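The next block holds one structure in the form of C-alpha cells; read it before the comments.
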Amino acid sequence: MSNESIPQTGQQREIAKAREDKEQQEATPRGPLQTSHGVTTIDETVVAKIAGMAAREVPGVYDMGNAARRVFNAVTDRIPNAQTNVAGGISIEKGETQTAVDVTVVVEYGVSIVEVGNAIRRNIIQQVESTTGLEVIEVNVNVTDVHLPDEDADTTSTDLK
C-alpha cells in the first residue's frame, strides 16, 4: 500500500508545499552572481579596491583614511616599488548579493562636503554595482579632516631641510 493513497491533512499539505517552495527557491538563481551553471564569489578586498578607486576619482577628495592610515601611506609612498593601497579608508560588509561600504576621506578646503559626499556615493554605487553585480545597499561617508592650501607649503619646506 503506497502513501499516495492515504489522504493528507491540511497541515501535511502545507508542510509539503513549503518544502517544495524552499527547494525551488534554493534552485532559483538569486542574482547575476548565482546562476544555474554555478556561483561567482567576490572577495571583500576586491570590492574595497573598486570602492577606493571610485572615491578617489571624485573631485574634492584630497586623501583617504584616518590620520593613522594617512601616516602609514606617507611612509610606504617613500619606499621604492611599493604599491599604493587603494583600499585604505574603505570598510566593506558583504553578503552573497549585497554590500555596504564605509568610506573615510579628507576633503579639500572650499568644496561642499555635502556635494562631495553625494558624488562619492553615486560613483561607488555605480562602479561596484556595474563591475561586481552586487547591490550596494548603503555608502556611509565619514569626513575626518579638511586639507588646507597652506598645508602643502608647510610639508614641502620641511622636506627640503
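Nothing fancy with the numbering, it's 1 onward along the sequence. All of these numbers come straight from a predicted model, not from anything done at the bench.
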Main-chain N/O of Glu93 paired to Glu44 side chain as donor or acceptor, under 3.5 Å
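Judged by distance alone, no pair lies under 3.5 Å.
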
Tell me whether [Y] is reachable from [X] by hopping between hydrophobic residues (I, L, V, M, F, W, Y) whose side-chain heavy atoms are closer than 4.5 Å.
{"X": "Val58", "Y": "Tyr109", "result": "yes"}
{"X": "Ile113", "Y": "Leu148", "result": "yes"}
{"X": "Leu134", "Y": "Ile137", "result": "no"}

Rounded distance [0.5 Å steps], [atom1] in [X] versus [atom2] in [Y]:
{"X": "Thr131", "Y": "Ile50", "atom1": "OG1", "atom2": "CD1", "value": "3.5 Å"}
{"X": "Thr41", "Y": "Gln34", "atom1": "OG1", "atom2": "CD", "value": "9.5 Å"}
{"X": "Asp102", "Y": "Glu138", "atom1": "CG", "atom2": "CD", "value": "6.5 Å"}
{"X": "Thr104", "Y": "Ile90", "atom1": "OG1", "atom2": "CD1", "value": "7.5 Å"}
{"X": "Ile125", "Y": "Ser130", "atom1": "CD1", "atom2": "OG", "value": "11.5 Å"}
{"X": "Lys94", "Y": "Thr132", "atom1": "NZ", "atom2": "OG1", "value": "9.0 Å"}

A side-chain contact here means heavy atoms from C-beta on lying under 4.5 Å apart; do [X] and [Y] qualify?
{"X": "Ile42", "Y": "Leu33", "value": "yes"}
{"X": "Asn142", "Y": "Val103", "value": "no"}
{"X": "Ile15", "Y": "Gln11", "value": "yes"}
{"X": "Thr144", "Y": "Val105", "value": "no"}

Heavy-atom closest pair, residues [X] and [Y]:
{"X": "Glu108", "Y": "Val111", "result": "O-CG2, 3.0 Å"}
{"X": "Gly88", "Y": "Arg56", "result": "O-NH1, 4.0 Å"}
{"X": "Met64", "Y": "Ala55", "result": "CE-CB, 3.8 Å"}

Test side-chain contact (heavy atoms from CB on, under 4.5 Å) applied to Val143 and Val106, step by step
CA-CA 6 Å; Val143 179; Val106 176; over 6 Å; no

Among Ile124, Ile120, Val141, the one residue meeting side chain to side chain contact (heavy atoms under 4.5 Å, CB included) with Val101
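Between Val101 and the candidates, side chain to side chain contact (heavy atoms under 4.5 Å, CB included) is satisfied uniquely by Ile124.
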
Can you name the side chain to side chain donor-acceptor pair (under 3.5 Å) partners of [X], sequence neighbours left out?
{"X": "Thr45", "result": "Asp43"}
{"X": "Glu135", "result": "Gln98"}
{"X": "Glu57", "result": "Asn123"}

